[in-house]
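In what follows, every chain begins at residue 1, and chains take the letters A, B, ... in the order their sequences are listed. Computed over heavy atoms, backbone and side chain alike; hydrogens, waters and symmetry mates excluded.
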Amino acid sequence: MQEIRIHGRGGQGVVTLGELLAKSAIKMGKEAQTLPFFGVERRGAAVKAAVRIDDTPIKVRSQSYKPDYLVLLHENLLEIALAGGKADHAEIIANAGQPLPVEDKQWIVSATDIAIKNGQVVGGEPFVNVPVLGAICRVLGIPFEVLEETLGEQWTGAKLTPNIATAREAYDTVREVEGGPQHG
Amino acid sequence: MQEIRIHGRGGQGVVTLGELLAKSAIKMGKEAQTLPFFGVERRGAAVKAAVRIDDTPIKVRSQSYKPDYLVLLHENLLEIALAGGKADHAEIIANAGQPLPVEDKQWIVSATDIAIKNGQVVGGEPFVNVPVLGAICRVLGIPFEVLEETLGEQWTGAKLTPNIATAREAYDTVREVEGGPQHG
Amino acid sequence: MKIKDLSTLEYITPGTGACAGCPSTIGLRIIGKALGENAIGFLTPSCAVASMGLTPQTCYTFPALNICFASAGASAGGAAMALDALYRKGKLQGEKPVVFNWVGDGGTYDIGFQGLSGSAERNDDYIHFCYNNEAYSNTGNQRSGATPQFALTTTSPTGKEIGQKNMPLLMLEHRPPYVATASLAYPMDLYRKVEKAKNITGFRYIEIHMPCCTSWRFPAADTIKMSKLAVRTGAWLLWEGEYGKLTLNGVTASLAEGRRKPAPLENYLKPQGRFSTMFKSPDKDKHLAFIEYNIHRELEFMAGRAKLLK
Amino acid sequence: MKIKDLSTLEYITPGTGACAGCPSTIGLRIIGKALGENAIGFLTPSCAVASMGLTPQTCYTFPALNICFASAGASAGGAAMALDALYRKGKLQGEKPVVFNWVGDGGTYDIGFQGLSGSAERNDDYIHFCYNNEAYSNTGNQRSGATPQFALTTTSPTGKEIGQKNMPLLMLEHRPPYVATASLAYPMDLYRKVEKAKNITGFRYIEIHMPCCTSWRFPAADTIKMSKLAVRTGAWLLWEGEYGKLTLNGVTASLAEGRRKPAPLENYLKPQGRFSTMFKSPDKDKHLAFIEYNIHRELEFMAGRAKLLK
Amino acid sequence: MSKVFGSGNTACAMAVKDADVDFVAAYPITPQTAVAEKIAAYIAQGIMDANYLPVESEHSAASAIAAASAVGARVFTATASQGLLYMHEILHYAAGGRLPLVMANVNRAVNMPWCLYADHQDAVSQRDTGWIQLFAASNQEIYDSILLAFKVAEEVQIPVMINYDGFLVSHSMMPFETLDENKIKEYLPPYDPSWRLHPQWGGTFGNVTFSEQYVPYRESLTRDVKRAGELIIRCAREFEELTGRWHGGYFDVYRPEDASFFLLSMGSMGKEMELAVDLLRQEGIPAAGLRLRVFCPFPKEELSALLPTGTNLLVFDRNLVYGSAAGVLLQESRAALYDRRDEIRIAGISVGLGGEDLPASLLADKAREMIQEVKK
Amino acid sequence: MSKVFGSGNTACAMAVKDADVDFVAAYPITPQTAVAEKIAAYIAQGIMDANYLPVESEHSAASAIAAASAVGARVFTATASQGLLYMHEILHYAAGGRLPLVMANVNRAVNMPWCLYADHQDAVSQRDTGWIQLFAASNQEIYDSILLAFKVAEEVQIPVMINYDGFLVSHSMMPFETLDENKIKEYLPPYDPSWRLHPQWGGTFGNVTFSEQYVPYRESLTRDVKRAGELIIRCAREFEELTGRWHGGYFDVYRPEDASFFLLSMGSMGKEMELAVDLLRQEGIPAAGLRLRVFCPFPKEELSALLPTGTNLLVFDRNLVYGSAAGVLLQESRAALYDRRDEIRIAGISVGLGGEDLPASLLADKAREMIQEVKK
Amino acid sequence: MDKKIVQPISRPVQGACGVTGTWRSQRPILDTSLCNGCLICWLYCPEAAISREDRDIDFTYCKGCGICAVECGKKAIRMVKEEIK
Amino acid sequence: MDKKIVQPISRPVQGACGVTGTWRSQRPILDTSLCNGCLICWLYCPEAAISREDRDIDFTYCKGCGICAVECGKKAIRMVKEEIK
Ligand SMILES: Cc1ncc(C[n+]2csc(CCOP(=O)(O)OP(=O)(O)O)c2C)c(N)n1
Ligand SMILES: Cc1ncc(C[n+]2csc(CCOP(=O)(O)OP(=O)(O)O)c2C)c(N)n1
Ligand code: SF4
Ligand code: SF4
Ligand code: SF4
Ligand code: SF4
Ligand code: SF4
Ligand code: SF4
Ligand SMILES: [Mg+2]
Ligand SMILES: [Mg+2]
């Protein structure tokens with residue numbers, strides 16, 4: 001089983017990200033489950049959700065303590081995310097411009113820039129969840145066509161195009177990096 | 001244990017009658033209990049209550065099926081009263097001008113006349129419960145002084161006098177009679 | 001329309017459990033003639049339920065459900081909406097029945113108010129009848145939100161400190177399709193209002209004043225007489241309103257316009273045992289004057305209110 | 001009284017759980033300055049509770065009890081009466097605290113209405129604040145009795161079919177000692193009303209209009225701007241009433257007297273995402289005109305109502 | 001101490017008056033109404049110094065006294081049947097909030113259909129709310145239990161419900177003795193809560209929790225409910241010392257000597273059961289009566305301790321566990337006695353629903369049937 | 001039949017849509033809200049032909065659907081926690097009145113203090129109301145159970161509550177399959193009540209009774225609650241024949257082969273328990289899982305039948321019987337198994353209150369502790 | 001499964017609450033010669049005990065409230081003390 | 001019996017719901033030279049994050065709602081994009 005825990009802030013579409021990731025996995029013949037965020041989601045407050053992907057029906061109903069992947073919709077959520085626990089072997093996938101100051105295996109993508117570049121900004125907030133989803137799919141080995149199909153079920157027409165564009169760009173540009181310098 | 005079941009109509013003061021009887025018994029060093037009427041007491045509708053008198057604390061909490069005395073606030077309640085059951089040896093004490101058409105041992109008193117004569121009428125309804133109480137006390141061997149004391153706790157001054165008068169008159173005039181002719 | 005033209009349909013059968021002289025059964029008989037056979041009723045715990053007979057017997061001829069005390073608004077609203085769905089979907093055929101509540105002042109002013117207010121806001125499709133005997137009569141005369149000031153009840157043993165709420169006005173200010181007050185003393189006015197309400201869709205409220213000989217303590221024979229006095233003194237006002245537009249009716253209109261002098265208040269209050277303490281009080285005159293003042297103030301207010309929202 | 005003269009007392013501490021731009025915490029801050037330190041509050045489930053912190057931490061500095069959703073009227077009424085007994089019997093000494101509710105429109109218009117109506121009828125001794133954000137915001141924006149017509153909520157997904165109930169008017173018609181409406185846009189008017197209410201005994205009701213950026217969908221920065229527009233368009237009316245005597249205040253009075261022209265309604269409604277469907281509808285103009293007509297009708301009505309019961 | 005002849009409802013109202021209650025909120029319902037009426041009358045007569053709120057529903061009655069308790073007042077309400085059911089949300093609330101409400105519940109059947117007469121379905125369906133529940137069978141026991149209820153509730157800060165059967169006890173008049181003011185003062189100290197909703201105490205009450213915060217409150221509640229059971233016994237003993245009056249501990253036990261059939265029941269039936277025991281003993285059947293006085297917390301260990309090895313428990317329930325032919329006491333008893341190594345046979349039935357009258361002869365008949373059953 | 005990936009609340013709402021429900025009344029409460037919202041949306045979109053009443057409280061939601069059911073409509077509501085408690089009076093009413101309401105209850109802790117997360121105190125404290133209660137642990141099971149609930153409720157005319165854990169299931173997205181309209185028609189016939197509140201049927205409903213009249217209604221109710229249990233199994237079998245989908249009968253039994261420790265639980269915990277069983281089996285502990293699906297009527301005989309002589313029952317309760325350290329399932333199990341001649345040892349604990357997370361490792365730890373206990 | 005569900009349904013009958021004529025302590029007596037057939041008494045009888053056709057009173061159920069006597073504008077009904085039934 | 005009852009009482013603290021400054025995506029910047037001290041911003045800040053004395057903003061808790069900037073009649077506060085904290 002693969003367990004992915006996503007950290008973001010209220011308004012960033014964390015739950016939708018989890019849903020789209022799970023749907024993409026299902027399209028690949030997998031079983032999947034998303035775990036909810038517990039609490040009242042205020043814009044700007046830290047929120048999280050988890051996704052589980054497996055080959056057989058998923059029985060787990062408890063929370064995610066040792067995810068295989070930690071996803072950050074913004075690099076400044078690193079501390080909160082680590083505090084929530086992870087597997088020793090966990091990899092981090094982050095919306096970040098530069099390596100995170102931890103030793104874990106990590107993948108970064110400039111999702112904010114990608115969103116802004118593609119005009120995916122509402123009320124001053126760039127839509128980073130779709131590009132980050134693109135990055136996750138790449139890391140998990142989900143073919144882009146599958147992701148494209150998922151996105152096509154969620155949005156249509158003029159709304160779909162920029163989402164595919166940002167997902168694509170992130171899919172293509174996410175890169176594995178060495179852990180950055182640790183803070184004192 | 002002595003069990004007395006009283007039958008009357010809503011508005012006639014059946015519950016008060018039971019209470020005053022029980023209190024009089026208690027004054028004689030007895031234990032006593034009244035049993036409530038079950039239901040909504042509409043003026044004119046048939047109602048009933050029971051009194052239990054004993055030498056030791058009373059444990060019975062069930063209804064009165066085989067009372068030792070059946071009391072009727074009006075002779076026209078005979079049928080209803082009999083339908084409610086009574087002990088084989090039961091005696092009947094009734095507000096009636098003439099013997100009741102049953103074979104049971106019976107006591108009658110003209111409580112209505114007594115009430116009217118003493119001006120104990122409100123809204124066209126003569127207060128027959130106090131004279132009937134007088135009759136019961138006589139039959140049960142409760143001295144009139146005891147009853148007088150009970151009445152004195154219930155009413156005072158101008159309200160008390162006619163009540164004592166009607167009770168007294170009934171106490172003195174209640175008489176045992178032979179069962180009257182049976183209806184076809 | 002005259003009394004002679006009224007339908008022979010009876011909502012009750014003789015041999016009810018109500019007190020002799022009960023206004024509730026009279027009210028049911030009159031509204032039944034207007035509502036007709038294709039109606040279903042909801043009843044909350046009250047004299048109307050306590051006196052309808054022991055299962056499996058009933059003295060009511062209309063189909064009725066005995067519901068919980070706080071449920072009138074939601075239950076009637078739900079039933080009406082469900083019937084609408086059943087007829088629309090073809091699961092029931094024919095003419096959709098009229099839904100109505102027959103509920104006391106306790107079930108209307110107090111424990112049932114929330115549901116009714118919700119219904120009025122949503123414009124649920126039924127007629128709520130409040131039969132207002134100004135007390136919890138069934139449980140033996142406790143104070144309700146409809147009990148008038150100074151009236152004795154077992155929970156206002158020295159007389160109620162404060163006046164009743166003006167429930168019909170509150171319903172009117174919800175601005176539903178129809179709100180009316182009525183009196184047994186003016187049966188054809190009541191009948192007309194029920195007929196009118198019956199032909200309107202949405203939330204309708206009709207409150208009928210119900211002098212109750214038992215709780216108020218007056219002779220049973222005077223039930224209708226007390227009803228009349230309530231209207232003629234101005235203690236009970238007759239009016240109707242649609243979407244908040246108010247019209248005073250009959251005697252009330254005459255009183256408001258000064259075409260008629262109110263009947264002396266004492267005639268109405270004195271025979272009621274529930275005011276005996278007030279009448280014995282050294283402040284009797286002050287209290288009477290205060291009641292009179294309030295009646296006058298309210299009448300004037302309603303007359304003014306009738307000029308708004310034309 | 002000027003802003004500068006307001007007390008430094010704060011009912012909240014920084015770091016609340018409310019959305020950025022939340023009107024509720026602003027409201028609490030203002031009323032706190034008027035109520036002062038000797039007050040106890042009752043809170044029903046709502047944003048105000050969800051955002052006050054996890055036990056054992058709170059961002060509210062006043063003593064408060066979180067009660068059940070339908071309980072506001074009875075709980076505050078009971079507490080006030082109990083305090084009265086405790087001080088009378090000498091079980092507590094000093095000055096009796098002021099009792100108040102801080103309750104949303106859901107807890108006021110809907111599930112809490114009955115308790116409040118009962119309190120008003122009995123004249124229970126507390127101040128009920130309704131912070132009216134016109135929706136069940138805490139559960140994610142469902143319709144309430146205060147949601148205006150055409151507004152989208154998750155339970156009125158095509159726009160609410162029917163307008164809100166006029167809750168402040170309904171409370172006024174209970175004729176309690178004090179009823180007022182207020183707006184965050186006129187903080188000193190709000191402050192004055194709270195101070196006034198504080199010095200009255202009996203049932204007092206103050207409803208504060210609370211544009212909620214999250215449920216209404218407008219930028220958080222515009223909370224006060226929307227408050228102002230609501231008053232200036234006439235969509236929200238400012239007034240106060242004592243024992244049913246009504247006085248229009250400030251901008252509302254000017255609008256009613258024609259001394260001021262209402263602000264264009266679109267300025268108020270257009271920025272609110274909850275009206276997006278209406279603005280996209282082919283009937284947009286009809287709907288807007290209808291809202292405008294209703295605003296006008298209500299303003300006229302309230303102006304007329306203010307002339308009654310002088 | 002004065003001797004009174006009055007109804008169960010009167011006994012209840014007088015105890016409330018004598019307990020120096022500060023605040024009462026109540027709503028009328030048959031057969032409780034007289035309690036609300038009498039308290040209103042005492043206050044009007046000036047013989048009781050309390051405030052009374054004539055609320056518009058039972059949900060409000062419970063909400064009002066819960067809030068009044070939070071500000072530190074001694075509070076009371078009374079209800080029955082539908083009224084109790086309508087309070088259910090607040091019952092949970094008050095127990096969770098550790099508010100020592102005291103309530104009389106005059107047991108009455110629940111609808112549908114409407115029925116005004118005694119059964120225990122109303123009370124037993126509150127068994128999972130965290131309230132302490134006592135059942136009284138005589139007017140004296142009602143009076144004494146109300147005083148005890150305040151003492152227990154306030155010491156452990158858990159609400160207490162005193163149950164007694166509608167009409168059978170509530171409307172039946174019996175003699176009872178009250179307690180003098182000074183003795184009551186000795187027995188029942190003023191309520192001194194650990195916290196009050198008041199500016200002097202400060203703080204907000206009942207904020208949102210995650211399980212980390214929530215669980216400790218539940219754990220302390222369930223622990224203290226258990227403690228409350230022990231406290232009831234201690235307080236009953238104290239009361240006995242003070243007055244000589246004793247109605248039993250967890251159980252009122254009747255003729256346990258050499259008994260092999262223990263007839264378990266609650267409420268008025270439990271008193272009548274003594275007559276049934278007498279009838280059975282006359283026939284040579286070694287019967288005993290166990291009238292349960294403390295329904296919540298259910299006295300598991302104490303029940304077990306009362307039953308010698310090889311005896312039989314016959315349970316009479318005035319309620320139903322739906323899906324079975326018996327009720328809650330049977331279920332609780334079977335659960336309680338599961339761990340007995342030696343065998344105790346148990347049989348149970350549901351009787352007396354909707355006020356079905358239960359004379360001793362009928363109870364004895366039912367006992368005989370159950371004896372056949374357990375002998376099988 | 002179409003495959004959906006959605007939350008438990010979505011599964012619930014879709015089943016209601018597919019079941020040809022006529023009338024819905026609901027009031028929002030976390031974590032149920034999405035059910036109310038989605039049904040409102042389906043109706044607005046025209047994909048569901050029903051009327052929806054957005055009531056002002058849960059007492060009203062229940063009152064509205066009860067009346068709607070009386071006129072013959074197929075009805076539904078959903079709630080949670082405080083909402084369920086607030087309906088308590090109407091729950092009794094509907095069961096007594098034999099009105100086949102169907103309700104989803106999204107399990108959440110009850111106050112005080114406030115807590116939004118899963119536990120079963122809300123549902124278990126309704127066990128004495130006469131409702132049938134099912135517990136579902138997956139979104140597929142929710143969808144399927146809602147269809148089954150209508151079939152059972154309407155056939156036996158007793159209301160049915162479907163429970164599932166707040167957030168853990170209500171907000172967790174999982175794949176599930178819906179059922180085609182024609183198959184649903186085959187499975188679920190139109191509601192054909194024995195009586196309707198309607199002029200065509202006539203009569204008044206629920207008049208006052210004395211015990212003579214009252215008792216027969218109670219007796220038939222308790223009998224039919226029992227029948228309903230059997231009916232659930234029959235209907236689940238029928239559903240399996242139609243769809244191949246089977247979630248278990250009274251219990252969902254996991255790895256019972258040669259088991260000597262049976263781990264009993266309800267709701268989402270019961271699914272996670274399978275992983276705990278796997279963990280224990282890996283250690284050589286012969287554990288099995290019993291996920292209770294039918295809480296009311298509690299399947300006494302069936303539980304007994306599942307437990308061979310000499311085995312042990314370990315009960316995990318997500319609720320409390322106050323005064324004890326465990327909950328209702330332990331109590332019901334002990335009561336149910338009292339008559340077993342051979343010995344079954346039982347232990348129980350209360351866990352997961354207020355949403356306390358219950359990973360398999362923790363469940364296995366608790367199981368090991370209980371195994372020590374029963375071995376003593 | 002047999003679909004017979006026991007529900008508390010009541011059917012209308014005369015005398016659902018008994019022979020309420022026994023409640024009477026006063027008895028209305030109609031003087032047909034004074035009656036103008038206005039039907040006020042019929043409309044107001046709380047027991048529906050007065051015949052619409054001929055104002056005949058059903059003494060099986062008439063409770064003797066006296067409303068008919070008070071309301072009859074023609075004074076065609078008077079109340080007399082009820083003799084033993 | 002020990003009288004310690006465990007009750008869910010909460011005490012006021014700053015940051016009861018966390019360091020809400022992290023929620024901010026925009027940051028209010030005060031230009032003191034433009035400020036006339038009218039205190040509108042102080043009164044309207046939903047977080048009580050503006051000092052009454054000097055309008056100093058407590059960025060630990062300011063959520064960046066922007067109300068202060070909109071309501072300041074002097075335009076003494078402007079919102080800028082929040083840089084990484
Ligand atoms: C929840 C609940 N509370 C209380 C009662 C008791 N009760 C039954 S009838 C009644 C009074 C009804 O008063 P109202 O509605 O005015 O009708 P009336 O008795 O005056 O006809 C009361 C309090 C009840 N049945 N249910
Ligand atoms: C009895 C009950 N029903 C439902 C809820 C769920 N609930 C909690 S807050 C809320 C909405 C509150 O709305 P409102 O009073 O307007 O306050 P707001 O959320 O808008 O601040 C609801 C429905 C509850 N807590 N209790
Ligand atoms: S108490 Fe009043 S309303 Fe009730 S039955 Fe008697 S007369 Fe009618
Ligand atoms: S939803 Fe509205 S009322 Fe609730 S916290 Fe957010 S802004 Fe405030
Ligand atoms: S009211 Fe008088 S006149 Fe009119 S029909 Fe009756 S008896 Fe005849
Ligand atoms: S006395 Fe009353 S009950 Fe009898 S006929 Fe006249 S109105 Fe009817
Ligand atoms: S609102 Fe503007 S001018 Fe007024 S105090 Fe604040 S910053 Fe200064
Ligand atoms: S941006 Fe908002 S929270 Fe920050 S200081 Fe300004 S008003 Fe306060
Ligand atoms: Mg009434
Ligand atoms: Mg709101």
Participant: Could you pull out the closest heavy-atom pair between G:Ala16 and C:Cys59, with the gap in Å?
Facilitator: CB-N, 3.6 Å
Participant: Between C:Ser24 and chain G, which part of the residue has a heavy atom less than 4.5 Å away: side chain, backbone, both or neither?
Facilitator: neither
Participant: Can you tell which part of C:Cys19 gets under 4.5 Å to a heavy atom of chain G, answering side chain, backbone, both or neither?
Facilitator: backbone
Participant: Can you see which heavy atom on G:Pro46 is nearest to which on C:Ile12, and at what distance?
Facilitator: O-CD1, 3.3 Å
Participant: Do G:Thr20 and C:Thr16 have side chains that approach each other closer than 4.5 Å (heavy atoms only, starting at C-beta)?
Facilitator: no
Participant: Looking only at heavy atoms, what is the nearest atom pair of C:Arg29 and G:Leu43, with distance?
Facilitator: NH1-O, 3.0 Å
Participant: Counting heavy-atom pairs closer than 4.5 Å to chain G, which one of C:Cys213, C:Pro219, C:Pro187, C:Pro63 comes out on top?
Facilitator: C:Pro187
Participant: Could you tell me whether C:Lys96 atom NZ has more than 12 heavy atoms of other residues or ligands within 6.0 Å of it?
Facilitator: yes
Participant: Is it the case that the side chains of G:Glu47 and C:Thr25 hold a donor-acceptor pair, with the cut-off being a distance below 3.5 Å and no angle test?
Facilitator: no
Participant: Which atoms of G:Ala48 are under 4.5 Å from chain C, going by heavy atoms: the side chain, the backbone, both sets, or neither?
Facilitator: both
Participant: Hey, which residues of residues 53-60 of chain G are touching chain C, say heavy atoms under 4.5 Å apart?
Facilitator: none
Participant: Hey, is C:Lys228 close enough to G:Glu71 for a salt bridge, meaning N to O under 4.0 Å?
Facilitator: yes
Participant: Do you know which two heavy atoms are closest between C:Tyr186 and G:Tyr44, and how far apart they sit?
Facilitator: N-OH, 4.3 Å
Participant: Looking at C:Pro14, C:Ala20, C:Ser51, C:Ala64, which makes the most heavy-atom pairs under 4.5 Å with chain G?
Facilitator: C:Pro14
Participant: Would you call C:Gln57 and G:Ser10 a side-chain contact if the rule is heavy atoms closer than 4.5 Å?
Facilitator: no
Participant: Where does G:Ile9 contact chain C at under 4.5 Å (heavy atoms): side chain, backbone, both or neither?
Facilitator: backbone
Participant: State, yes or no, whether a side-chain contact exists between C:Ile3 and G:Trp42 at a heavy-atom distance under 4.5 Å.
Facilitator: yes
Participant: Counting only heavy atoms from other residues, nucleotides and ligands, does the tally under 6.0 Å from NZ of C:Lys270 exceed 12?
Facilitator: no
Participant: With a 4.5 angstrom heavy-atom cut-off, which part of G:Cys45 approaches chain C: side chain, backbone, both or neither?
Facilitator: both
Participant: Considering all heavy atoms of both residues, which atom of G:Arg52 and which atom of C:Leu6 are nearest to each other, and what is their separation?
Facilitator: NH1-O, 2.6 Å
Participant: Are the side chain of C:Thr58 and the backbone N or O of G:Arg11 linked by a donor-acceptor pair below 3.5 Å?
Facilitator: no
Participant: Could you give me the CA-CA distance, side-chain angles and deciding distance for C:Ile224 and G:Val70, then say whether side chain to side chain contact (heavy atoms under 4.5 Å, CB included) is met?
Facilitator: CA-CA 8 Å; C:Ile224 302 300; G:Val70 170; over 6 Å; no
Participant: Just wondering, are more than 12 heavy atoms of other shown residues or ligands nearer than 6.0 Å to CZ in C:Arg192?
Facilitator: yes
Participant: Is the number of heavy atoms from other residues, nucleotides or ligands under 6.0 Å of C:Glu10 CD greater than 12?
Facilitator: yes
Participant: Would you call G:Ile67 and C:Lys225 a side-chain contact if the rule is heavy atoms closer than 4.5 Å?
Facilitator: no
Participant: Tell me, yes or no, whether the heavy-atom count around C:Lys89 atom NZ, taken from other residues, nucleotides or ligands under 6.0 Å, exceeds 12.
Facilitator: yes
Participant: Quick one: what part of C:Ile30 sits under 4.5 Å from any heavy atom of chain G, side chain, backbone, both or neither?
Facilitator: side chain
Participant: Does any backbone or side-chain atom of C:Lys2 lie under 4.5 Å from a heavy atom of chain G? Answer side chain, backbone, both or neither.
Facilitator: neither
Participant: Quick one: closest heavy-atom pair of G:Cys17 and C:Met52, and the distance?
Facilitator: SG-C, 4.0 Å
